[in-house]
Amino acid sequence: MIDIKLIRDDPERFKKAAKDKKIEVDIDRLLQVDTGLLTAKQRLQEIATEKNRVGKSIPKLTGDEKQQALAELAKLKAEEPPVDEKVEQLQPEFDFLMLLVAQPADDDVPLGKDDTENVELRREGQVRKFDFKPKDHVQLGADLGIIDIERGVRLAGTRNYFLKGDGARLHLAVLQFSMDVMLARGYTPMSVPLLMKDEAMQGTGYYPGSEEQTYRMETDELNLAGTAEVPLTAYRMGEILNEEDLPLKFTGLSTCFRREAGAAGKDTYGLYRIHQFDKVEQVVICKNSVEESNKYHKEILSNSEVVLRALELPYRVVVVCTGDLGRGQAKKYDIETWMPSRGNYCETHSASKFYDFQARRMNLRYKESATKKNIFCHTLNNTVVASPRILIPILELYQNADGSVTVPKVLQPYMGGQEVIK
RNA sequence: GGAGCAGUGGCCGAGCGGCUGAUGGCGACGGUUUUGAAAACCGUUUUACCCUUACGGGUAACGGGGGUUCGAAUCCCUCCUGCUCCGCCA
């Protein structure tokens with residue numbers, strides 16, 4: 001959410017932000033509603049002031065004076081309904097429009113229409129050249145008996161799968177390893193609820209907008225989170241934190257559920273785009289300062305790079321262009337890891353910086369020691385690792401000519417010292 | 001799932017129709033005193049929005065929403081949350 005005062009002061013900035021991000025929002029209408037609402041509320045306030053003044057005198061009055069005061073009160077009361085009605089009509093529209101206003105992208109974010117115009121920052125690691133014909137992860141998974149997509153689909157529908165044996169172990173190993181990396185870096189591990197109320201979805205910015213991507217438990221009015229970002233960021237929703245307690249750094253492992261509506265026919269092959277996966281996520285909640293936000297944006301990006309380097313996977317970092325940014329994101333780095341079967345670097349991580357966009361939506365503040373004022377926090381998040389997507393590059397890049405797969409060195413301790421899957 | 005009880009400021013806890021944004025205690029902060037600290041004493045201590053250059057003023061909020069009333073923390077309805085007992089089950 002954006003401070004309405006900023007929108008009043010510079011509407012053009014927010015029209016441009018929406019246009020750059022390809023987001024629909026009627027700023028003119030918002031300001032119109034805002035003015036109407038303000039006028040009505042001021043009138044209501046004047047009436048209330050009068051009512052309070054007259055009402056307070058009632059117990060002291062008797063006879064005619066009292067009757068007169070009561071009559072005056074009745075008159076004031078009669079003025080309220082039309083104004084009230086206006087507020088009741090405009091307030092919901094105002095609230096809804098406010099949820100649609102986009103956070104302007106940072107000035108250094110490249111202008112672009114979609115993910116094809118994201119800008120590569122740098123490449124890390126060497127892309128492996130094979131001296132034999134490599135298999136893709138689906139083939140490897142089937143041949144080694146560690147991935148069973150066929151039965152996953154049979155039992156749960158398209159985009160579902162089973163991992164079994166060493167496949168399941170490798171999956172757990174990479175998650176556990178990533179969690180341990182984050183622990184070593186001072187992040188607090190969290191196990192989180194995944195059925196979230198609408199408020200949490202709205203607070204993090206997923207609602208309104210991503211309802212179609214979300215599995216919803218209609219009987220209970222709860223939503224299956226698509227990422228632990230939701231519970232981790234909303235953890236202290238509505239609270240006023242102590243400045244000394246910031247930054248809050250969380251890491252959480254959770255299953256992630258995504259409907260992938262509108263992606264029909266896209267990335268249907270293999271384990272790339274699936275309805276359910278597990279992910280270690282990182283969230284930082286820090287003070288309201290651009291410098292702090294930028295500092296932690298770099299930090300969460302580098303945390304994930306530590307994981308990828310440890311896994312010895314080649315990747316590149318891209319700056320996401322305006323057209324591919326979400327409503328609340330001021331800037332986003334994606335990490336794309338090399339996937340031989342796709343012949344490309346593909347998104348495995350996404351590091352987002354929100355400033356106070358999410359904090360405003362969920363009323364998450366801290367008390368600034370110096371001024372005693374309550375100030376909205378800044379929030380950021382990034383993937384630490386998402387599996388089984390990360391198993392695609394791991395399996396494909398670590399495969400051997402004989403069809404076996406070497407276990408990455410850092411994961412071997414998590415698999416009881418096992419060095420190879422065969 | 002059934003029955004009962006309860007939700008007040010950072011915390012504890014009064015109030016049960018107007019003089020209560022709310023007594024008191026604790027905590028926190030500032031001051032006096034002290035070589036320093038403690039203690040004691042004095043003072044301050046919610047939030048949102050609106051008006052105002054400022055000083056300041058106004059409105060709203062006692063779990064959420066609605067109602068009764070000239071007026072509600074206080075009465076009524078409803079929802080939510082917590083606790084206790086019973087049932088059921090990991």
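Note on naming: letters A, B, ... go to the chains in the order of the sequence lines (proteins, then strands), and numbering restarts at 1 for each one.
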To the nearest Å, give me how far apart [atom1] ([X]) and [atom2] ([N]) are.
{"X": "A:E79", "N": "B:C70", "atom1": "CD", "atom2": "C1'", "value": "16 Å"}
{"X": "A:E46", "N": "B:C50", "atom1": "CD", "atom2": "C1'", "value": "10 Å"}
{"X": "A:K372", "N": "B:U44", "atom1": "NZ", "atom2": "C1'", "value": "10 Å"}
{"X": "A:I240", "N": "B:U46", "atom1": "CD1", "atom2": "P", "value": "12 Å"}
{"X": "A:I47", "N": "B:C51", "atom1": "CD1", "atom2": "P", "value": "17 Å"}
{"X": "A:K77", "N": "B:U68", "atom1": "NZ", "atom2": "P", "value": "7 Å"}
{"X": "A:K367", "N": "B:G9", "atom1": "NZ", "atom2": "C1'", "value": "12 Å"}
{"X": "A:Q68", "N": "B:C70", "atom1": "CD", "atom2": "P", "value": "18 Å"}

5' priority, RNA chain B, between A:Q45 and A:K51 [closest heavy atom] |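 Nearer the 5' end of the strand: A:Q45.
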Residue met sooner reading RNA chain B from 5', once A:L44 and A:K56 are mapped to nucleotides |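 Per heavy-atom nearest nucleotide, the more 5' residue is A:K56.
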Which nucleotide in [options] has an atom nearest any side-chain atom of [X]:
{"X": "A:R365", "options": "B:C50, B:U47, B:U59", "result": "B:U47"}
{"X": "A:A48", "options": "B:A60, B:A48, B:C50", "result": "B:A60"}
{"X": "A:L38", "options": "B:C70, B:U46, B:C50", "result": "B:C50"}
{"X": "A:T49", "options": "B:C70, B:U59, B:U46", "result": "B:U59"}

Under 3.5 Å on both distances, the Watson-Crick or G-U partner of [N]:
{"N": "B:C19", "value": "none"}
{"N": "B:A73", "value": "none"}
{"N": "B:G30", "value": "B:C42"}
{"N": "B:A14", "value": "none"}
{"N": "B:U47", "value": "B:A60"}
{"N": "B:A6", "value": "B:U81"}
{"N": "B:U35", "value": "none"}
{"N": "B:U53", "value": "none"}

Pi-cation contact, A:F277 with A:R389 (under 6.0 Å, within 45°) |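 A:R389 over A:F277 ring: no.
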Could you check whether [X] pairs with [Y] (Lys NZ or Arg NE/NH1/NH2 to Asp/Glu carboxylate O, under 4.0 Å)?
{"X": "A:K331", "Y": "A:D108", "result": "yes"}
{"X": "A:K287", "Y": "A:E292", "result": "no"}
{"X": "A:E218", "Y": "A:R216", "result": "yes"}

When you measure from the side chain of A:E243 to the backbone N and O of A:S369, does any donor-acceptor pair fall under 3.5 Å?
->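 Pair found, side chain donor or acceptor close to backbone of A:S369.
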B:G18 phosphate, OP1 or OP2, under 4.0 Å from A:R53 side-chain N/O =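 No, no such contact exists.
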Looking at A:N52, does any N or O in its side chain come under 4.0 Å of the phosphate oxygens OP1/OP2 on B:U59?
->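 Indeed, a polar side-chain atom of A:N52 lies that close.
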Between [M] and [N] - [atom1] atom distance, rounded Å:
{"N": "B:G67", "M": "B:C86", "atom1": "C1'", "result": "35 Å"}
{"N": "B:A6", "M": "B:C19", "atom1": "C1'", "result": "30 Å"}
{"N": "B:G64", "M": "B:U8", "atom1": "C1'", "result": "15 Å"}
{"N": "B:G18", "M": "B:G71", "atom1": "C1'", "result": "6 Å"}
{"N": "B:A73", "M": "B:G1", "atom1": "P", "result": "33 Å"}
{"N": "B:A61", "M": "B:G4", "atom1": "P", "result": "31 Å"}

Parallel, tilted or perpendicular: which describes the rings of A:F250 and A:Y235, with under 30° parallel and over 60° perpendicular?
->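 Plane angle over 60°, so perpendicular.
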Are a donor atom and an acceptor atom from the side chains of A:D356 and A:H378 found within less than 3.5 Å of each other?
->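 No.
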